[in-house]
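Model, not experiment: these values are computed from the prediction. If you read the sequence from its start, that first residue is 1, and numbering goes on from there.
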Amino acid sequence: MAQNNIYQMVTDRIIEQMEKGIIPWQKPWVGGTGMAISYTSRKPYSLLNQFLLGRPGEWLTWKQIYGMGGKVKKGAKSRFVVFYSWIDEKDEQGNPIADENGRIKQYPILRWYQVFHLSDTEGIDSKLETVVPNPDIQPIEVADKVITDYVEREGKATGFRFCNDTESGEAYYSPSEDKVVVPMLTQYEIPEEYYSTTFHELTHSTMHEKRCDRKAESKTFSSRGESYSREELVAELGAAMICNRIGIEAEKAFKNSAAYIQHWMKALKNDTKMIVWASGKAEKAAKYILNESDSNETN
């Protein structure tokens, strides 16, 4: 593949990740892994490759998977990682060229290869250590009821799935699978952070066409030269609204909101209509999760 095509692939992938609202923040859970790592070397990938892969966990090449007797799940898609190889500069006669200090001059060649997330394979066990740092953490009953009611209601209506019973190093909503995955409650230091994270992802799930039908509107857009995703702001506001509605202590629940606030501040200043749009959508999503009607407005 031509070098310029590889650079374009890298650029497009990074832009895609940034437009999804992926920003630096401190994950409020432990266990799993917060980084993408090589299954075989156990070393984390470079920061650039963390961006390209877009999710934490163990990654393997096709050759490694089948070499260990495993296989790739049907329909699984690979991602790519890149690395540099240094090539000696040579003259017309093919002799290495040295600089004024006698060192051979080199130039980088960008190479790439495809990898699969361990969850997209079969027959290979994870090497990650199971960590249960807080087995005595207590659930919050009112928050659990909100989650249970929503999951049961949407599970019956649309087949929605919610997974929080196995150790995970990530939290996300998958529109293609209509599924939310969050780390277990016992992976958190305090329960409020578990519920804030969960409500954030459940708010994402309301974008589904049979719920609040926000999928088309939530696509990344550009305003005044800045690219950002309105959907992430909707999810953060939705989580805040639900936590406030059921009385979860805000200071504990929103330990990581500063990262989101910093991320959105410039965008909000440049688009005065954005916060109005996002707040309206977030309120609709929160009411949907809480199974409240718009007619329940208070004056």
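For K73, the NZ atom is densely surrounded, since the number of other residues' heavy atoms within 6.0 Å is greater than 12.
No side-chain heavy atom of Q106 sits under 4.5 Å from any side-chain heavy atom of I87. Using a 4.5 Å heavy-atom cutoff, the side chains of L185 and P191 are in contact. Counting heavy atoms from C-beta on, the side chains of K179 and F160 never come closer than 4.5 Å. V146 has its side chain within reach of L290: a pair of non-hydrogen atoms, C-beta onward, lies under 4.5 Å apart. A heavy-atom distance below 4.5 Å is not found between the side chains of W62 and S78. Side-chain contact between L60 and I124 is present, with heavy atoms from C-beta onward closer than 4.5 Å. When side chains are defined from C-beta on, Y150 does not count as touching V180, because their heavy atoms never get closer than 4.5 Å. Within the 4.5 Å cutoff, side-chain heavy atoms of V115 are placed close to those of Y45.
Between P175 and M207, the shortest heavy-atom contact is CG-SD, 4.4 Å. In this structure, I37 and R42 approach most closely via the heavy-atom pair CD1-NH2, 3.7 Å. Pairing each heavy atom of S119 with each of R55, the nearest pair is OG-NH2, 3.5 Å. Annotation for A239 and T203: closest pair N-OG1, 3.8 Å, computed over non-hydrogen atoms. Of all the heavy atoms in A286 and G238, the pair that sits closest is CB-O, 4.2 Å.
Side chain of S196 to main chain of E192: no donor-acceptor pair is present (N/O by atom type, distance under 3.5 Å, no hydrogens or angles). No donor-acceptor pair closer than 3.5 Å links the side chain of N101 to the backbone N or O of R103. The main-chain N or O of M184 is found under 3.5 Å from a side-chain atom of Q187 such that the two form a donor-acceptor pair.
Taking CD1 from I97 and CD from E92, the interatomic distance works out to 9.0 Å, rounded to the nearest 0.5 Å. Note: E193 CD to E189 CD = 6.5 Å, rounded to the nearest 0.5 Å. Taken from SG in C212 to NZ in K287, the straight-line distance is 11.5 Å, to the nearest 0.5 Å. To the nearest 0.5 Å, atoms CZ (F199) and CE (M241) are separated by 14.0 Å. The CD atom of E141 sits 11.5 Å away from atom CD1 of I246, with the distance rounded to the nearest 0.5 Å. Atoms CD1 and CD1, from I248 and I140 in turn, are 4.5 Å apart once rounded to the nearest 0.5 Å.
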(request) Apply side chain to side chain contact (heavy atoms under 4.5 Å, CB included) to N164 and T198, showing your working. (result) CA-CA 9 Å; N164 70 336; T198 300; over 6 Å; no
(request) Could you check T206 against L202 for side chain to side chain contact (heavy atoms under 4.5 Å, CB included), going step by step and ending with a plain yes or no? (result) CA-CA 7 Å; T206 64; L202 291 182; over 6 Å; no
(request) Kindly determine whether R211 and S205 satisfy side chain to side chain donor-acceptor pair (under 3.5 Å), including the steps that lead there. (result) CA-CA 8 Å; R211 295 176 196 125; S205 75; 4.6 Å; no
(message) Checking R214 against E209 for the salt bridge (Lys or Arg N to Asp or Glu O under 4.0 Å) test, could you report, in this order, the C-alpha distance in whole Å, the side-chain angles of both residues, the deciding distance, and whether it holds?
(response) CA-CA 7 Å; R214 200 172 58 251; E209 60 183 7; over 6 Å; no
(message) Between Y288 and E283, does the side chain to side chain donor-acceptor pair (under 3.5 Å) criterion hold? Intermediate values first, please.
(response) CA-CA 8 Å; Y288 187 90; E283 185 171 4; over 6 Å; no
(request) Start with the C-alpha gap between K127 and L118, add the side-chain angles, then the distance that decides, and say whether side chain to side chain contact (heavy atoms under 4.5 Å, CB included) holds. (result) CA-CA 10 Å; K127 294 180 181 179; L118 184 65; over 6 Å; no
(request) Would you sort out whether V81 and L52 count as a side chain to side chain contact (heavy atoms under 4.5 Å, CB included), showing the intermediate values? (result) CA-CA 7 Å; V81 290; L52 296 177; 5.5 Å; no
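Between K210 and E154, no side-chain nitrogen of the basic residue sits less than 4.0 Å from a carboxylate oxygen of the acidic one, so the salt-bridge criterion is not met. Between E231 and K281 no salt bridge is recorded (no basic side-chain N to carboxylate O distance below 4.0 Å).
R111 forms no cation-pi arrangement with Y113, by the criterion of a distance under 6.0 Å to the ring centre and an angle within 45° of the ring axis.
Residues Q114 and T61 have side chains that never bring a donor and an acceptor to within less than 3.5 angstrom of each other.
Using bins of under 30°, 30° to 60° and over 60° for the plane-to-plane angle, the ring pair Y194/Y188 lands in the perpendicular bin.
Connection of I147 to V182 is established within a shared hydrophobic cluster, with ILVMFWY side chains joined at heavy-atom distances below 4.5 Å, either directly or through further cluster members. Following chains of ILVMFWY side-chain contacts shorter than 4.5 Å, one can reach Y39 starting from Y66, so the two form part of one hydrophobic cluster. In the hydrophobic clustering of ILVMFWY residues, with side-chain heavy atoms under 4.5 Å counting as a link, Y172 and V234 come out apart.
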